[in-house]
Amino acid sequence: MERYDPRAVETRWQDVWARTRAFEVPAGVADDGRPTAYVLEMLPYPSGEAHMGHVKNYSMGDVIAHYRRRTGARVLHPMGYDAFGLPAENAAIRTGRPPGEITRENIATIRRQLQSHGYSIDWTRELSTCEPSYYRWTQALFLRLFDAGLAYRREAPVNWDPVEQTVLANEQVIDGRGERSGALVEQRLLAQWFFRITAYADRLLDDMADLEGRWPERVLTMQRNWIGRSQGAEVSFPVAGETGLALDVFTTRPDTLWGATFFVLSPEHPQLERLLAGVEDPAAAERVRAYVEAARRTPTDERSAAERPKSGVPLGRDVINPVTGRPIPIWVADYVLMGYGTGAIMAVPAGDERDFEFATTYGLPITVVVAPPDWDGGPLAQAYTGEGVLVDSGELTGLAAPSQAKGAAIRYLEEREIGRATVTYRLRDWLISRQRYWGCPIPVVYCEGPGEDGIVPVPEADLPVLLPDVSDYHPRGRSPLATAEEWVRTTCPRCGGPARRETDTMDTFVDSAWYFLRYCDPDNEAAPWDRRVVDTWMPIDQYIGGVEHAILHLLYARFFCKALTDLGHLDVQEPFARLFTQGMITRDGAKMSKSKGNAISPREIIDRYGVDTARCYILFIGPPDQDADWNDQGVEGMYRFLSRLWRLSAEAAETLPDEPAPVAPLAPDDERIMRKAHWAIDKVTADLGGERFSFNTAVAAVMELMNELTEAKRGAASPGAVRFALSTAASLIFQFAPHTGADAYERLTGRRVWEEEWPSADSALLESDTFELVVQVNGKVRDRVPAPSDASQDDLLTLARDLPNVQTHVDGRQVVKEVVVPGKLVNFVVR
RNA sequence: GCGGGCGUGGUGGAACCGGUAGACACGCCGGCCUUAGGAGCCGGUGGCGCAAGCCAUGGGGGUUCGAGUCCCUCCGCCCGCACCA
């Protein structure tokens, strides 16, 4: 007898799929009348080897893709590589080899591995973000945003690693230190490129209402927090003794303005030097400068720790509280952040915990304006942030704060022109420039010619601006591209005079903010995409990936679609109609990593058991959105199951006559098997087609079906019934274990399972003439008895009452209530 | 601190609208087959109890004929954001 040989089965079917182009969809507008489905998993970074997270991600997507295909959709299911980025560049610095060479090697490796996993991917659409054929369009999109004023350059504080001599992305700063060097990161002011994502803050926030229930709640919450919209007022505080100069603050509680007893500037506040110039005591000014310098040197993460004790220095000058007319002192303190609001606050210690702590530390006055309900008129032991009634607040006194008072305060300020309603966001503009080599060049030049044209975009016809070859990839305070003098020197497209190229490259999140659009029309040489083609596929029906991209990638991609839709290139407000975030695969409860030595590579598992075992196991181990712990013995069990499925199918195909499935009336053994098969169809359909991706229970259902089909249990079942049940098992497991499923199915039926329509369960075989009636007394199960499905409530009660076990518990007591749930149970309530 | 999620056998987990708690699998125990087995097959397996039965879904309380599921409360764990004015 033949043995289950996963490798032979894999080779055979992967060959067939490639040869018959089974999962390719023709280019262009999809118009064959079938509904379309776009199923996408987040594209991998090609680090070389595929890991278990990849297997989970792509296996999930593959189940969905197969299911959608077999339920009648034309499915787009592509793959590509997020190929620019630091790991390859760091490898280049280490080895001296060009990052492109390293990356292309890594891509070849991961492609080979992914292809060996047998996913139903249309490989003709494969793309790689580091190829000029792709990044020319990244550049084109940059130019469209630039023309629309959505891409701009300005000076900004950035993370500077003094050891590596480079700017670092926020993600590369761990606890205030450079990820690789371990050096304390400093803030530096450098000219940088930004995308104006803040212009879309409201829409990014408001449109999330449509994603409710279709995206994981926590991802929506994370994005909402990240955007961080706060409604309040901007209020202007005149500087005492200097006519004309005023400092603006943002506050969410303008109603507490009467309680503002001091004023705090961030150490980075731009007006600080000007204010210091007017300070009379030079020692005081020196103290402020020393404080500012110390703050600058403090790592960002450390500075923004909430538990840190408050510190600050008095500036030696006052502002006038615009509603009380009284002077209040200005302080400089690093708990006020330049990056939020105006970089200055009015401090209301009675109503804000931070201001309270600061006031207590430095002995500043605390004036109660929102009276706590139980207030005795004395000093507060801590800030009161709850609801209350305003006291000592001019004409607002007596209003409920903040409910009534907030709006009243804004009207008050606007009437007197000392403030106005404002909305502030936590979201900042997206800093996209990197002083790094291995990224997409920013397609602009700086004119040095007679035209003095300043920043000039490279005409789209001249794209791509190719990444030049350089010999040294070390960042030395400027982008390595700057060393390519030949490349940097160019001519101004506008005046024809000399010009220098921009040497920064783009953040790799720009590359991945639109790749899913390119998949729709990957070979278009005239445009990033043809809008009609994109319209047939977008939005993505199901997007699947790790929760680590909950904010950045998903927010950037949403922004791109909105901006490009506004510019007329697209009609996609939300690119990802449904999002699923998968949990991690852990080992012994910890994240797998090479450094911990607990990583288990898919390659080892596949070599040993075959890819189908790996794919099934990873989806069987638990609900896919949860983290799941890898268990070596569990894999073994999955291998046994697939072996059994294959072996029984192969044996049946060889030994049992090819008879059709039996029809009613069914012999008892046939009926049992046929019922189980239809039950499994029903169960798997619900698990895959429903809202939840219950892959684990779907696999379990096929296992149950197989358990019904062992030689011992088959009994006198007819060959037709056995063949039907086995081919059903093969057809249902195919989505999870495509090679094994396809092979078993073909042996049994001679047909290709992926071309088969999704099976439908026969409702007659889902229902039964009898059911097991559960009989309870006072809610406790006392007996079970077979009962006819069509029995009346009275019949069920009679049946139940006669049971000896029930009699024992009811005997001698009074039945006060009888509950009947048809088809389920009877409950006698006795006293 | 704010927000989100979770807590079920030795283990991963199942249980749709409140209606048989523990599907399926791992592990463990026993058996068959075998020179042997880390192969295959069959059976058992929440706890206590000889048994009838009792106890069990983090703890406590409530609603209900009936609660893992709903409500209140406490405890614990995980994740995200965090001096955001």
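In what follows, every heavy atom counts, from backbone to side chain, and hydrogens, waters and symmetry copies are set aside. Residue numbers start from 1 in every chain, and the chains themselves are labelled A, B, ... in the order their sequence lines are given, proteins ahead of strands.
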Fill in: Row check, A/F358 ring normal vs A/K310 NZ/CZ: under 6.0 Å, within 45°
no
Worksheet item: Has the side chain of A/N225 got a donor or acceptor that lies under 3.5 Å from a partner of the other kind on the base of B/C81?
Response: no
Worksheet item: Salt bridge check: are A/R587 and A/D632 linked by an N-O gap of less than 4.0 Å?
Response: yes
Worksheet entry | Electrostatic pair A/R253:A/D352 at N-O distance under 4.0 angstrom | no
Worksheet, complete the sentence: Secondary structure of RNA chain B per the Watson-Crick/G-U criterion (both distances under 3.5 Å; [ ] crossing, | other strand, . unpaired) is (((((((..(((......[....)))((((((.......))))))(((....)))..(((((..]....))))))))))))....
Item to complete: Tell me, please, which residues at least two apart from A/H678 pass ring-ring contact (aromatic ring centres under 6.0 Å, His included).
Response: A/F724
Worksheet item: Taking O4'-C1'-N9-C4 for purines and O4'-C1'-N1-C2 for pyrimidines, is B/C17 syn (within 90° of 0) or anti?
Response: syn
Fill in: Basic-acidic side-chain contact under 4.0 Å: A/D612, A/R615
no
Discussion item. Mind checking if A/P216 touches a base, just sugar-phosphate, or nothing, with heavy atoms under 4.0 Å?
Written reply: nothing
Worksheet item: Quantified in whole Å, what is the P atom distance between nucleotide B/A23 and nucleotide B/C16?
Response: 15 Å
Practice prompt. Give the nucleotide from the list B/A15, B/C65, B/C26 with an atom nearest to the side chain of A/V819.
Written response: B/C65
Worksheet item: Parallel, tilted or perpendicular for A/W430 and A/Y556, by the 30°/60° rule?
Response: parallel
Worksheet item: How would you label the contact of A/D629 with the nucleic acid (heavy atoms, under 4.0 Å): base, sugar-phosphate, or nothing?
Response: nothing
Worksheet item: Would you call A/E212 and A/R224 a salt bridge, using N to O less than 4.0 angstrom?
Response: yes
Item to complete: Give A/D355 one of three labels, base, sugar-phosphate or nothing, depending on what nucleic acid heavy atoms sit under 4.0 Å from its own.
Response: nothing
Please tabulate the protein-to-nucleotide N/O contacts below 3.5 Å involving nucleotides 39-46 of chain B, giving atom names and distances.
unit_1	atom_1	unit_2	atom_2	d
B/C42	OP1	A/T710	OG1	3.4

Worksheet item: Base, sugar-phosphate, or nothing: which does A/F641 touch, judged by heavy atoms less than 4.0 Å apart?
Response: nothing
